[in-house]
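Only heavy atoms go into these numbers, but all of them, side chains included; no hydrogens, no water, no symmetry mates.
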Amino acid sequence: MTEHPANGLDDVVHQRVRLGIMAITHQARQVEFGFLRETLQLTAGNLGQHLTVLEKAELIRIEKGYEGKRPRTWVTLTAAGQTALRAEISHLKQLIHQVEQADTAPADH
């Protein structure tokens, strides 16, 4: 028996906010903290906690700096983050495929 795709989901990546952070950062290549906060509709503290989890897992890199006189925090996916995001998407696609196959299969009665 093959392993079910749900078993391959990564709890660090799969959490809704963290998956959103990684997907947005992947698209943008580098994203500013405030943009993530607004886009994902989070408080600064909540976003900060999720970024800390991802940073500790070495899936993102956080850089602090200034844009003019305003302090900024920038988020970038690491190579490991890119790999983890691709793996998560792959497992989700497999899971969706299984659900769709079950929906179209004749019912056993």
Side-chain angles (χ1 to χ4, degrees):
M1 180 174 173
T2 61
E3 187 173 315
H4 194 275
N7 293 334
L9 297 175
D10 182 329
D11 290 336
V12 172
V13 176
H14 191 72
Q15 195 282 343
R16 178 188 69 83
V17 171
R18 293 191 289 266
L19 184 57
I21 291 167
M22 292 180 72
I24 291 167
T25 304
H26 171 76
Q27 277 186 289
R29 304 288 183 237
Q30 184 180 57
V31 66
E32 201 269 325
F33 182 93
F35 179 81
L36 284 173
R37 186 179 46 76
E38 289 175 21
T39 303
L40 296 171
Q41 300 177 350
L42 301 169
T43 64
N46 193 315
L47 176 56
Q49 289 177 333
H50 287 289
L51 291 175
T52 297
V53 169
L54 292 170
E55 186 178 37
K56 283 183 180 177
E58 299 182 350
L59 301 177
I60 63 166
R61 185 175 60 251
I62 296 176
E63 298 175 47
K64 296 184 181 274
Y66 288 88
E67 189 172 45
K69 293 184 178 185
R70 301 182 75 192
R72 295 282 187 221
T73 300
W74 299 95
V75 179
T76 309
L77 279 183
T78 62
Q82 295 281 354
T83 300
L85 180 61
R86 283 189 197 97
E88 192 71 12
I89 297 300
S90 176
H91 283 95
L92 287 169
K93 285 179 179 178
Q94 291 172 27
L95 190 59
I96 290 165
H97 178 72
Q98 282 191 1
V99 169
E100 288 173 341
Q101 292 293 86
D103 286 347
T104 59
D108 292 331
H109 290 285

Inset, instruction - Spell out, as yes or no, whether a donor-acceptor pair under 3.5 Å connects the side chain of T78 to the backbone of L59. - result: yes

Legend entry - Test item: E88 and L9 side chains (from C-beta on) under 4.5 Å apart, heavy atoms: yes

Inset, instruction - Flag the pair L40 / R37 as yes when at least one side-chain heavy-atom distance between them is below 4.5 Å, and no otherwise. - result: no

Inset, instruction - Take L92 and H14 through the test side chain to side chain contact (heavy atoms under 4.5 Å, CB included) and record every step on the way to the result. - result: CA-CA 10 Å; L92 287 169; H14 191 72; 3.7 Å; yes

Legend entry - Approximate separation, where rounding is to 0.5 Å, of T73 OG1 and E32 CD: 7.0 Å

Inset, instruction - With sequence neighbours excluded, tell me which residues meet salt bridge (Lys or Arg N to Asp or Glu O under 4.0 Å) with E100. - result: none

Legend entry - Heavy-atom closest pair, residues H26 and R29: O-NH1, 2.9 Å

Legend entry - Side chains of V13 and M22 in contact at under 4.5 Å (non-hydrogen atoms): yes

Legend entry - R18 backbone acceptor or donor facing Q15 side chain under 3.5 Å: yes

Legend entry - Candidate pair T76 and V31, rule side chain to side chain contact (heavy atoms under 4.5 Å, CB included), full reasoning: CA-CA 7 Å; T76 309; V31 66; over 6 Å; no

Inset, instruction - List in chain and number order the residues that pass salt bridge (Lys or Arg N to Asp or Glu O under 4.0 Å) with R61, two or more places apart in sequence or in another chain; answer none if no residue qualifies. - result: E63

Inset, instruction - Report yes if the side chains of H91 and D10 come closer than 4.5 Å at any heavy-atom pair, otherwise no. - result: no

Inset, instruction - Under the side-chain contact (heavy atoms from CB on, under 4.5 Å) rule, collect the residues that match up with T39, sequence neighbours excluded. - result: I24, F35

Inset, instruction - Identify the heavy atoms of E3 and N7 that sit nearest to each other, and give their distance. - result: OE2-CB, 3.1 Å

Legend entry - Distance, nearest 0.5 Å, that separates NE2 of H50 from CG of L42: 6.5 Å

Inset, instruction - Rounded to the nearest 0.5 Å, what's the gap from CZ on F33 to CG on L51? Could you check? - result: 6.0 Å

Inset, instruction - Rounded to the nearest 0.5 Å, what's the gap from NZ on K56 to CG on L54? Could you check? - result: 11.5 Å

Legend entry - From CH2 (W74) to CG (L36), nearest 0.5 Å: 10.5 Å

Legend entry - Minimum heavy-atom distance V12-A57, with the two atoms named: CG1-CB, 4.1 Å

